[in-house]
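Remarks on the structure that follows.
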There are 2 protein chains.
Amino acid sequence: MFVRTNTDPLPRPNSLHDFGMRSDSNPIICLNEFTYKKGTEVYGEKEPADYVYQIKSGAVRSYKLLSDGRRQIGAFHLAGDIFGLENGSEHRFTAEAIVDTTVRLIKRQSLELVAESDAMVARNLLSMTTINLQHAEDHMLLLGRKTSLERVAAFLLEMDKRLTASEVMALPMSRRDIADYLGLTLETVSRAISHLHDLGVLGFIGNTQRQIVLLDRQELASLDLQH
Amino acid sequence: MFVRTNTDPLPRPNSLHDFGMRSDSNPIICLNEFTYKKGTEVYGEKEPADYVYQIKSGAVRSYKLLSDGRRQIGAFHLAGDIFGLENGSEHRFTAEAIVDTTVRLIKRQSLELVAESDAMVARNLLSMTTINLQHAEDHMLLLGRKTSLERVAAFLLEMDKRLTASEVMALPMSRRDIADYLGLTLETVSRAISHLHDLGVLGFIGNTQRQIVLLDRQELASLDLQH
DNA sequence: CGGGGGCTTGAGGCCACTCAACGATAGTGG
DNA sequence: CCACTATCGTTGAGTGGCCTCAAGCCCCCG
């Protein structure tokens, strides 16, 4: 049986409470909500990192650009995810809303103050950074050594795991976003998905191509070579 | 002028003292030395992470394997570097000595105990994890979007920065190691280096091809596209 | 209905990979 | 000291996987 050992999650803080604090008992913590329209920037690379974000609904992409426009998306952030947490004072990615997205805001400064005295909060900050690190480590293997089909299969399995909405998987991101996440072109991604469709591994729902149902996770997992 | 902003280091713990503790004042901390022969394994992926290592002399590669043998090196560890620090209980890479390597050992458990009560130690643990994360983030951009020449140029600049021994850069790792770090084949790495040699950007010292002198860092930097 | 964005598909090209040969070096043992 | 071997690096020739360029379809939305 297939076991995805290296992505087994650590105990994962997935709400503000998991920082070890309650908003009502910590008036220092500023907890506002904000909504970003599709395509708008949440923050830019090298901007001061004053806030940490948790997605209430929607989806966000974090990316770096080369000077000639080549883009590498480092991560997608979905409902429940916390992002924008930096240790330095600046953001190291640009973050954009993929669709209309509502987030909760936490002032970074107040988080750091609490972490100073509360070991549990400090441990959770470390734990979240570690989760990001693990994801980046696995993604390096994908980008450096996997074929286009293996990358797309890995992507679909990752999204299947994280978008546990229902039977069908409603991808918020475009083929271009997927391509820039996987280090491919959008055409190559499209061809790989078509190929998987022909193999009977997945099917489409409706007349948009972003609603995907995985028909054979076993087969998909065998296409994404593991370590 | 060229500024490599995204790799500007955070305040970097580069000795055991930087954990915020002194070995003499903390008898809990076990501080042994050990030497690994060239090519031997320091630890394997998924082994329990009981120790943290600091390199006294030598060099180490950390890598993941796919089941068919494809290898992705995630990082090289050089003299002074600390590696093997995990948040979970298991190592996520295999670590091997590239050359004969002497390390200092720190018991992980004692580190965690101290971090529990000492906020400064905790902060330094987080800071080290963040440095690893930043490196992985930059490396994703390289693996996903850079050409072979850009990758090799970036690699030489990184090593130039970290192997500040002298005028000449004595690479401890083989072309195959470099290739597996950059997501290329060893032939492509060799061709890129030969090309840079022909351009007059670098020269060889002696009759081994691992002693390299960078003749034109400016030119090299312009070949490695920035963001 | 017209326009635009997103997706697919085809044709051709190119960059990196594969396969192979060769030279140089270091280590080994006679 | 000299074979002998294994390892490492370079270089060439040819292949192939992914990219580039292009056309066309579908759907959404004004």
Side-chain angles (χ1 to χ4, degrees), chain A residues 37-39 61 66 68-72 98-100 142-153 155-156 170-199 202-212 223 225, chain B residues 37-39 61 66 68-72 98-100 142-153 155-156 170-199 202-212 223 225:
Chain A
K37 283 242 163 289
K38 170 179 176 177
R61 58 183 168 243
L66 292 177
D68 64 355
R70 279 174 283 174
R71 184 177 68 160
Q72 178 63 44
I98 297 176
V99 294
D100 292 358
L142 179 147
L143 293 172
R145 286 300 177 221
K146 290 188 180 179
T147 67
S148 62
L149 193 60
E150 289 166 349
R151 294 180 201 207
V152 171
F155 169 77
L156 291 171
L171 297 177
M173 70 289 286
S174 68
R175 297 292 190 259
R176 168 162 292 284
D177 286 337
I178 300 172
D180 286 347
Y181 180 59
L182 299 178
L184 301 169
T185 60
L186 66 91
E187 292 95 333
T188 299
V189 170
S190 177
R191 276 184 249 269
I193 291 179
S194 295
H195 184 56
L196 292 173
H197 183 105
D198 295 346
L199 289 176
L202 58 83
F204 293 114
I205 302 288
N207 33 23
T208 157
Q209 291 92 337
R210 292 199 193 176
Q211 311 244 79
I212 293 180
L223 291 175
L225 227 54
Chain B
K37 283 240 162 290
K38 170 180 176 174
R61 57 181 170 245
L66 292 177
D68 64 354
R70 281 174 282 174
R71 184 178 68 161
Q72 178 63 44
I98 298 176
V99 295
D100 291 359
L142 179 147
L143 292 172
R145 287 300 177 218
K146 289 188 179 178
T147 67
S148 62
L149 194 60
E150 290 166 349
R151 294 180 201 207
V152 171
F155 169 76
L156 291 172
L171 298 177
M173 70 289 285
S174 69
R175 297 292 190 260
R176 168 162 293 283
D177 287 337
I178 299 172
D180 286 347
Y181 179 60
L182 299 178
L184 300 169
T185 60
L186 65 92
E187 293 95 332
T188 299
V189 171
S190 179
R191 276 184 248 270
I193 291 179
S194 294
H195 184 56
L196 292 173
H197 183 105
D198 294 346
L199 289 177
L202 58 83
F204 293 115
I205 301 288
N207 32 23
T208 159
Q209 290 89 340
R210 292 199 194 176
Q211 311 244 75
I212 293 180
L223 290 176
L225 225 55

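For clarity, every value in this text was computed on a predicted model and none was experimentally measured. Below, read A as the first sequence line, B as the second, and so on, with proteins coming before strands; counting in each chain starts at 1.
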For salt bridge (charged side-chain N to carboxylate O under 4.0 Å, His left out), just list the numbers for B/Asp100 and B/Lys37, CA-CA rounded to whole Å, side-chain angles, deciding distance to a tenth of an Å, and then say yes or no. CA-CA 4 Å; B/Asp100 291 359; B/Lys37 283 240 162 290; 3.7 Å; yes
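An OP1 or OP2 oxygen of C/dG6 is reached within less than 4.0 angstrom by no side-chain nitrogen or oxygen of A/Ser174. Between A/Thr188 and the phosphate of D/dC19, there is a side-chain N or O to OP1/OP2 separation shorter than 4.0 Å. The side chain of A/Ser190 places no N or O atom within less than 4.0 Å of a non-bridging phosphate oxygen (OP1 or OP2) of C/dC7.
The CD-C1' distance, from B/Gln209 to D/dG9, rounds to 5 Å in whole Å. Atom CG of A/Leu186 and atom P of D/dC18 are 15 Å apart (whole Å). Atom C1' of nucleotide D/dC19 and atom CZ of A/Arg175 are separated by 18 Å, given to the nearest angstrom. In this entry the distance linking NE2 of A/His195 with C1' of D/dG17 reads 13 Å, nearest Å. Between the CZ atom of A/Arg191 and the C1' atom of C/dC7 there is a distance of 12 Å, given to the nearest Å. We find that CD of B/Glu187 is positioned 15 Å from P of D/dA13, with the value rounded to whole Å. With rounding to whole Å, A/Arg210 atom CZ is found 7 Å from C/dG6 atom C1'. The distance from atom CD of B/Gln211 to atom P of D/dC8 is 17 Å, rounded to the nearest whole Å.
Counting non-hydrogen atoms under 4.0 angstrom, B/Gly206 reaches nothing in the nucleic acid. Contacts of B/Leu184 with the nucleic acid, taken as non-hydrogen atoms under 4.0 Å apart, involve only primed sugar atoms and P, OP1 or OP2.
A salt bridge links A/Asp68 with A/Arg70: at least one charged nitrogen is closer than 4.0 Å to a carboxylate oxygen. B/Arg71 and B/Asp177 are joined by a salt bridge, as a carboxylate oxygen and a charged side-chain nitrogen come within less than 4.0 angstrom of each other.
Residue whose closest nucleotide on DNA chain C sits further toward the 5' end, between B/Asn207 and B/Thr147: B/Thr147. Mapping A/Gly183 and B/Met173 onto DNA chain D via the closest heavy atom, the residue that lands nearer the 5' end is B/Met173. Nearest-nucleotide assignment on DNA chain D puts the 5′-proximal partner with A/Val189, out of A/Thr208 and A/Val189.
A side-chain donor-acceptor contact under 3.5 Å links B/Arg151 to the backbone of B/Lys146.
Side-chain proximity of A/Ser194 to D/dC19, C/dT9, D/dT10: nearest is C/dT9.
The aromatic rings of A/Phe204 and A/His197 lie parallel to each other, with less than 30° between the two planes, well short of the 60° mark.
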